[in-house]
Protein chains: 2
Amino acid sequence: MAKPVYQQVKTELLDLISQQESNTAIPSERALSQKFNVSRMTLRKAINELVDEGVLYRDTTRGTFVSEKGLIKKNSLRPSHYSRHLLYMTRRVFKDIAPILEIPVYEDLLRIVSKHNKDERVAYIDEIYVSKRRYMDDYQDIDHVFEAIESKDEFHIHQTFYPILVPVQFANLMEIALDRPIIMVESLYRTKKGEPIFLTKTFYNPEVETIEISN
Amino acid sequence: MAKPVYQQVKTELLDLISQQESNTAIPSERALSQKFNVSRMTLRKAINELVDEGVLYRDTTRGTFVSEKGLIKKNSLRPSHYSRHLLYMTRRVFKDIAPILEIPVYEDLLRIVSKHNKDERVAYIDEIYVSKRRYMDDYQDIDHVFEAIESKDEFHIHQTFYPILVPVQFANLMEIALDRPIIMVESLYRTKKGEPIFLTKTFYNPEVETIEISN
DNA sequence: TAGTGGTCTAGACCACTGG
DNA sequence: CAGTGGTCTAGACCACTAA
């Protein structure tokens, strides 16, 4: 009883779908709920999640169909993750970041800078800003910070996209020219209560990594 | 019986929530379902939508709470919409675009270029590419194309973000320098069946409009 | 007219939390 | 121990569409 029934139904549906052509109908909800021995509401919960993910689509009064392969949604808010390599960590006052994190301007912040490689090249670099105080209270360990940053649903994330010229200190790492335009994404992580925890700046290497979103 | 019950419940919940402080609990699902005279499942459907929209958040075993104002989700995939001003429309072959729209390379395409103003300045410019044949068959009228582009849920949209230097022909319109880095977003609109319909390129003026996403 | 998805009900049991 | 959200059931009626 560890996993909910609808989760199990969902994986069974995925098996069934994998053997089916795109744009062909799956069996009706009533037929499937009998086949899997669950109520129609439970079956629908499983299908609804697959529809949300873009695996299936519905046509009211006609049926439910398998989506074209490759139309599965991407999750947008985080870059595809390659192995993280810590570059360095500094601790000092950042007068421009502190107000965003809603802490006193002269309180110490940590800046944690990492690169992420793809096929021997740097795909993106991120800077994580977190208050020294919060780091000590809640995390103590860099790996716990990384874990939190990559966790799902725990935070409200607000992202802003800026076009910039690659900063000199990163151009060399990315092996790109100094006058190269790149995209920097600023992400503010807040708890559900609205308390800001992390600010990250992610610098994408346009020769290696593109930002893509689908719905 | 025009609107489903859960929609009505949702608006009543919004009324109730609007008078409440952030991070305070709303009544329990059982209490609310009695209050509104609906089943708990129906009440939950209303709450679930508000949670998805970021208006409420849940804490299992503790309750459901009102989110901080200003943490409501933005929908990311489309720019905030200002009034559209058609600049020009051309019809010719675009050898690079045709393969993306899966039409013969030498078939005619329409390119529809518009600007979108915010406070007397150009916030962004978009180019819409659509096959001449499809335009005649399905739309006939530019306004129908605009309507389709702005419709919700009708299409699968895949977006790619590119950092570029502002194209010369747009720098003047945007009143920005020629060496200015900007973000160009390429959006491919497909039907649920996977058939590509529109390709759009949106050029954002970084001095007026920023791209923001929240979840 | 038969079949589809969309909605709705009135119950039920569970795991977990806080007092 | 009482209360919460999470899951689940076995029915039901509706609007719409395709044959």
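As the structure is a computational prediction, the values presented were derived from the model and not from experiment. Just so we're on the same page: letters track the sequence lines, and every chain starts at 1.
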S.K.: Ion pair present between Glu150(B) and Arg84(B), side-chain N to carboxylate O less than 4.0 angstrom?
M.R.: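 Between Arg84(B) and Glu150(B) there is a salt bridge, with a charged N closer than 4.0 Å to a carboxylate O.
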S.K.: Per the salt bridge (charged side-chain N to carboxylate O under 4.0 Å, His left out) rule, what does the pair list look like for residues 183-192 of chain A, sequence neighbours excluded?
M.R.: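 Passing the test, one end in residues 183-192 of chain A: Glu102(A)-Arg190(A).
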S.K.: Identify whether the distance between the nearest side-chain nitrogen and carboxylate oxygen of Glu68(A) and Lys193(B) falls below 4.0 Å.
M.R.: no
S.K.: Using atom types as modelled and distance alone, determine if a side-chain donor or acceptor of Ser28(B) lies under 3.5 Å from a backbone N or O of Ala31(B).
M.R.: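 Yes, Ser28(B) side chain to Ala31(B) backbone: donor-acceptor pair under 3.5 Å.
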S.K.: Tell me whether Glu107(A) is salt-bridged to Lys95(A), with the criterion being a basic N under 4.0 Å from an acidic carboxylate O.
M.R.: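 A salt bridge is absent here (no side-chain N lies under 4.0 Å from a carboxylate O).
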S.K.: Any carboxylate oxygen within less than 4.0 angstrom of a Lys/Arg side-chain nitrogen, looking at Glu53(B) and Lys73(B)?
M.R.: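 No salt bridge links Glu53(B) with Lys73(B).
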S.K.: Can you list, by residue number, the residues of residues 6-37 of chain A that have a non-hydrogen atom closer than 4.0 angstrom to DNA chain C?
M.R.: Ser28(A), Glu29(A), Arg30(A)
S.K.: If a stem is a run of at least 3 consecutive Watson-Crick or G-U pairs, both distances under 3.5 Å, which stems include DNA chain C?
M.R.: C:1-18 with D:1-18
S.K.: Any side-chain donor paired with an acceptor under 3.5 Å for Gln8(A) and Tyr6(A)?
M.R.: no
S.K.: Any idea which heavy atoms bring Ser214(A) and Lys74(A) closest together, and the distance?
M.R.: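 The pair with the smallest heavy-atom distance is OG-N, 3.0 Å.
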S.K.: Counting only non-hydrogen atoms, which of residues 45-68 of chain B are less than 4.0 Å from DNA chain C?
M.R.: Lys45(B), Thr61(B), Arg62(B)
S.K.: Mind checking ring-ring contact (aromatic ring centres under 6.0 Å, His included) for His116(A) and listing every partner two or more places apart, or none if nothing turns up?
M.R.: His81(A), Tyr124(A)
S.K.: Tell me, please, the opening and closing nucleotides of DNA chain D, 5' to 3', among those with an atom under 4.0 angstrom from a non-hydrogen atom of chain A.
M.R.: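 Counting from the 5' end, contacts occupy dT7(D) to dA18(D).
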S.K.: With a 4.5 Å limit on heavy-atom distance, are the side chains of Tyr57(A) and Val51(A) in contact?
M.R.: no
S.K.: Does the distance from a Lys or Arg side-chain N to an Asp or Glu carboxylate O, for Glu49(B) and Arg44(B), drop under 4.0 Å?
M.R.: no
S.K.: Could you tell me whether Tyr139(B) and Phe198(B) have their ring centroids closer than 6.0 angstrom?
M.R.: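 Ring-ring flag for Tyr139(B)/Phe198(B): true, centres closer than 6.0 Å.
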